[in-house]
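Data block below; observations after.
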Amino acid sequence: MTTKVFHASQDRNLKTILRNRGIHGFKCVYAAYDPVIASFFLSNYGGDFTCSIGREAGTGIPFACERFPGAFELRYQEIEGVIYTLPAYLFSKGLTSWEEEVVSEYDVPVLSETSIKNTRAFLYYLQEERRINIYRYPSRPQEVPKDNSDLRALINMFNGVFPVDIYQIIQTHHTDITVTLI
């Protein structure tokens, strides 16, 4: 049984991770069972519209897949972050559609933290260690559809209404997709 989960943030020295309104419409704390998966969320800039995150079915290796040229560098700048270790018993599986993700509907106390000085360099290190794969556009693992149907499904799920950062990315890099600014 897993006793710990992992949450990435750019906020340092937190003692408690507070619930925020997530993309699923309710206040919660997101985490992952795997600290490597959590590390991809040291930056959320643009979400799946910059880099899709997942795990390869054949190998089980986590991946980041660029959705346009330069998306990895745009999302994962040289920023500092923290991977927090949290108690797993406060989290539930199955509240979102992604099996890697667990959710707590409570504010969660921090057990420990691991500082990351440079997010991009850390992810390159994980790639060198063969703990992740980074797919550069137009390469994709089989889990990321070539026709971008996964991005269109996200747009339908959120009724085509997105915050300004994602709206700008879609307008600039996914011109075949129509969205509304909130």
Side-chain angles (χ1 to χ4, degrees), residues 1-55 61-67 70-93 95-136 154 158 162-169 173 182:
M1 175 153 178
T2 302
T3 61
K4 298 173 186 171
V5 295
F6 304 91
H7 173 85
S9 176
Q10 291 176 18
D11 296 327
R12 305 172 63 81
N13 302 313
L14 298 176
K15 302 301 178 210
T16 303
I17 307 297
L18 301 176
R19 295 171 299 140
N20 283 318
R21 185 156 314 280
I23 63 169
H24 296 93
F26 55 92
K27 282 189 151 191
C28 62
V29 174
Y30 294 97
Y33 289 119
D34 184 346
V36 173
I37 290 286
S39 69
F40 286 123
F41 295 93
L42 287 163
S43 173
N44 290 323
Y45 183 74
D48 284 343
F49 293 93
T50 52
C51 295
S52 291
I53 308 303
R55 187 179 297 274
I61 296 173
F63 68 81
C65 175
E66 280 191 321
R67 299 313 288 256
F72 186 83
E73 281 70 24
L74 179 64
R75 180 168 175 170
Y76 298 109
Q77 300 172 24
E78 297 174 0
I79 53 174
E80 292 186 33
V82 177
I83 298 175
Y84 289 101
T85 303
L86 309 173
Y89 74 90
L90 291 171
F91 288 81
S92 300
K93 194 171 184 170
L95 295 178
T96 70
S97 60
W98 193 34
E99 67 213 25
E100 298 286 343
E101 189 169 56
V102 291
V103 175
S104 177
E105 296 182 80
Y106 306 97
D107 295 340
V108 180
V110 170
L111 299 175
S112 66
E113 68 179 66
T114 302
S115 292
I116 308 297
K117 296 286 183 202
N118 179 321
T119 296
R120 187 185 309 154
F122 180 68
L123 292 173
Y124 285 150
Y125 165 77
L126 290 176
Q127 182 182 31
E128 287 173 18
E129 293 288 310
R130 298 177 186 217
R131 295 174 63 195
I132 67 169
N133 288 324
I134 300 170
Y135 286 87
R136 299 300 185 153
L154 279 176
F158 297 105
F162 288 92
V164 67
D165 65 325
I166 294 176
Y167 176 82
Q168 289 171 339
I169 288 166
H173 300 286
I182 56 172

What are the two closest heavy atoms between [X] and [Y], and how far apart are they?
X: Ala38; Y: Ala8; result: O-CB, 3.1 Å
X: Val110; Y: Leu86; result: CA-CD2, 3.9 Å
X: Pro35; Y: Ile83; result: O-CD1, 4.0 Å
X: Asn118; Y: Gln77; result: OD1-O, 4.3 Å
X: Pro87; Y: Pro109; result: CD-O, 3.2 Å

Heavy-atom check, side chain of [X] versus side chain of [Y], under 4.5 Å:
X: Glu113; Y: Asn13; result: yes
X: Trp98; Y: Ile37; result: yes
X: Arg12; Y: Ser115; result: yes
X: Ile116; Y: Ser39; result: no
X: Leu42; Y: Ile79; result: no

Subject >> Val36 backbone acceptor or donor facing Arg131 side chain under 3.5 Å >> reply: no

Subject >> Arg19 side-chain N/O to Ser104 backbone N/O, donor-acceptor pair under 3.5 Å >> reply: no

**OP:** Determine the interplanar angle of the Tyr76 and Phe40 rings, folded into 0 to 90°, and report it as parallel if under 30°, tilted if 30 to 60°, perpendicular if over 60°.
**Re:** tilted

Interatomic distance, [X] atom [atom1] to [Y] atom [atom2] [nearest 0.5 angstrom]:
X: Arg130; Y: Ile61; atom1: CZ; atom2: CD1; answer: 9.0 Å
X: Asp165; Y: Tyr45; atom1: CG; atom2: OH; answer: 6.0 Å
X: Thr16; Y: Tyr84; atom1: OG1; atom2: OH; answer: 10.5 Å

Subject >> Pair Tyr124-Phe72, ring-ring contact (aromatic ring centres under 6.0 Å, His included): steps then yes or no >> reply: CA-CA 11 Å; Tyr124 285 150; Phe72 186 83; 5.5 Å; yes

Original post:
How about Phe6 and Phe41: are their ring centroids closer than 6.0 Å?
Top reply: no

Subject >> Full working for side chain to side chain donor-acceptor pair (under 3.5 Å) between Ser52 and Arg67 >> reply: CA-CA 7 Å; Ser52 291; Arg67 299 313 288 256; 2.5 Å; yes

Original post:
Under 6.0 Å from the CD atom of Glu99, do we count more than 12 heavy atoms belonging to anything else shown?
Top reply: no

